[in-house]
Amino acid sequence: MSVKVGKRRNGIGITIVTALIALIFFFPVLMAVINSFKTRGEILASAIALPSAPTFANYAAVIEATDFVKVFFNSCLVTGGGIVLNLLVSALAGYALARWRSKWANMLTLFFLSSMFVPFHTIMIALLTTARDLKLTGHIWGLILIYCGLQCPIPIFLIKGFVHSVPRELEEAAMIDGCGTVRLFLSIVLPMLKPILATVSVLNVLWIWNDYLLPYLILGKPLTIPLSQMYFYGQYNQQWHLIMAGFVVSTIPVVIFFLFMQKYIINGIASGAVKG
């Protein structure tokens with residue numbers, strides 16, 4: 001009985017410590033939400049106090065000043081296009097490497113993974129020069145293509161590991177029934193990859209949606225939400241009530257997406273990284 005009581009107390013203690021740590025990390029977000037409903041005078045008077053008369057005027061001003069509908073659509077286009085294109089390329093590459101019975105498969109996998117250890121700032125100038133020569137700068141579709149290429153290493157590694165857990169017998173049975181390679185991949189293999197594809201989507205969406213540097217280098221104009229928020233911050237410097245509202249508006253879409261997709265993260269990463 002004493003052992004069970006001790007384990008229960010340890011569990012309660014761990015829960016309390018975890019809750020406190022979570023509260024520490026969540027506190028700045030909570031302050032941003034609270035201050036987004038205040039006036040500038042209320043924030044200067046007390047940043048941690050609740051608003052005396054909550055107002056949505058800050059959000060209306062941010063949406064109008066940043067042309068939020070347009071930049072939101074652009075961010076969705078860049079994020080969605082980059083993710084879909086990357087999933088297609090990574091799924092094909094990961095499947096091919098997993099089923100290719102050759103020593104070159106492992107060597108190519110290591111080659112892809114080695115690019116993860118190269119800091120982005122090392123290739124930044126070369127990437128920008130190449131993008132300019134290929135007429136990719138200033139265009140959203142050019143940014144989508146670059147995101148697709150930069151995202152490939154981790155998804156290929158995870159998908160390759162996940163495909164190793166898919167029984168070959170299913171593919172062999174389908175081929176005996178007359179299923180071609182393309183149909184085999186689309187009808188049998190791709191549906192099985194849904195957990196790992198969802199994991200890759202979540203991880204990459206969080207990166208692309210919040211990325212500032214690459215859109216700034218390729219586009220140079222406030223066409224995505226991070227760029228729009230930075231330009232907005234420069235224009236309305238010290239207007240903390242508007243800045244907080246802008247932060248909340250830009251964060252809400254990706255938070256909603258993450259809440260719907262978070263269940264796939266742990267299972268997908270564990271399946272892709274451990275098996276194979």
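Computed from heavy atoms alone, side chains included, the values below leave out hydrogens, waters and symmetry copies.
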With a 4.5 Å cut-off on side-chain heavy atoms, are [Y] and [X] touching?
X	Y	value
Pro155	Leu87	no
Met124	Leu217	yes
Val78	Pro215	no
Leu136	Trp141	yes
Pro226	Asp211	no
His121	Leu213	yes
Leu150	Leu214	yes
Leu227	Tyr216	yes

Do [X] and [Y] sit in one hydrophobic cluster, given that two such residues count as connected whenever their side-chain heavy atoms are within less than 4.5 Å of each other, even indirectly?
X	Y	value
Ile256	Trp209	yes
Ile252	Trp207	yes
Val33	Ile63	yes
Leu23	Met31	no
Leu85	Ile218	yes

Calculate, to the nearest 0.5 Å, the distance between atoms [atom1] and [atom2] belonging to [X] and [Y] respectively.
X	Y	atom1	atom2	answer
His139	Ile146	NE2	CD1	11.0 Å
Thr122	Leu127	OG1	CG	12.0 Å
Asn210	Thr224	CG	OG1	10.5 Å
Ser90	Ile159	OG	CD1	5.0 Å
Ile21	Ile16	CD1	CD1	12.5 Å

Full working for side chain to side chain contact (heavy atoms under 4.5 Å, CB included) between Phe68 and Val62 = CA-CA 8 Å; Phe68 184 77; Val62 169; 5.6 Å; no
Taking atom [atom1] as the centre, does [X] end up with more than 12 heavy-atom neighbours from other residues, nucleotides or ligands that are less than 6.0 angstrom away?
X	atom1	result
Tyr59	OH	yes
Ile125	CD1	no
Ile154	CD1	no
Tyr212	OH	yes

The ring-ring contact (aromatic ring centres under 6.0 Å, His included) partners of Phe56 (sequence neighbours excluded) come to Phe37
Member of Ile144, Leu145, Leu143 meeting the side chain to side chain contact (heavy atoms under 4.5 Å, CB included) criterion with Tyr147 | Leu143
What's the shortest heavy-atom distance between [X] and [Y], and which atoms?
X	Y	result
Ile225	Ser75	N-OG, 2.9 Å
Asn86	Cys148	ND2-O, 3.1 Å
Ser36	Asn58	O-ND2, 2.7 Å
Lys38	His241	O-CB, 3.3 Å
Ile140	Leu219	N-CD2, 4.0 Å
Ile83	Gln151	CD1-OE1, 3.6 Å

Are the side chain of Ser250 and the backbone of Phe247 linked by a donor-acceptor contact shorter than 3.5 Å?
->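 Between the backbone of Phe247 and the side chain of Ser250 there is a qualifying donor-acceptor contact (under 3.5 Å).
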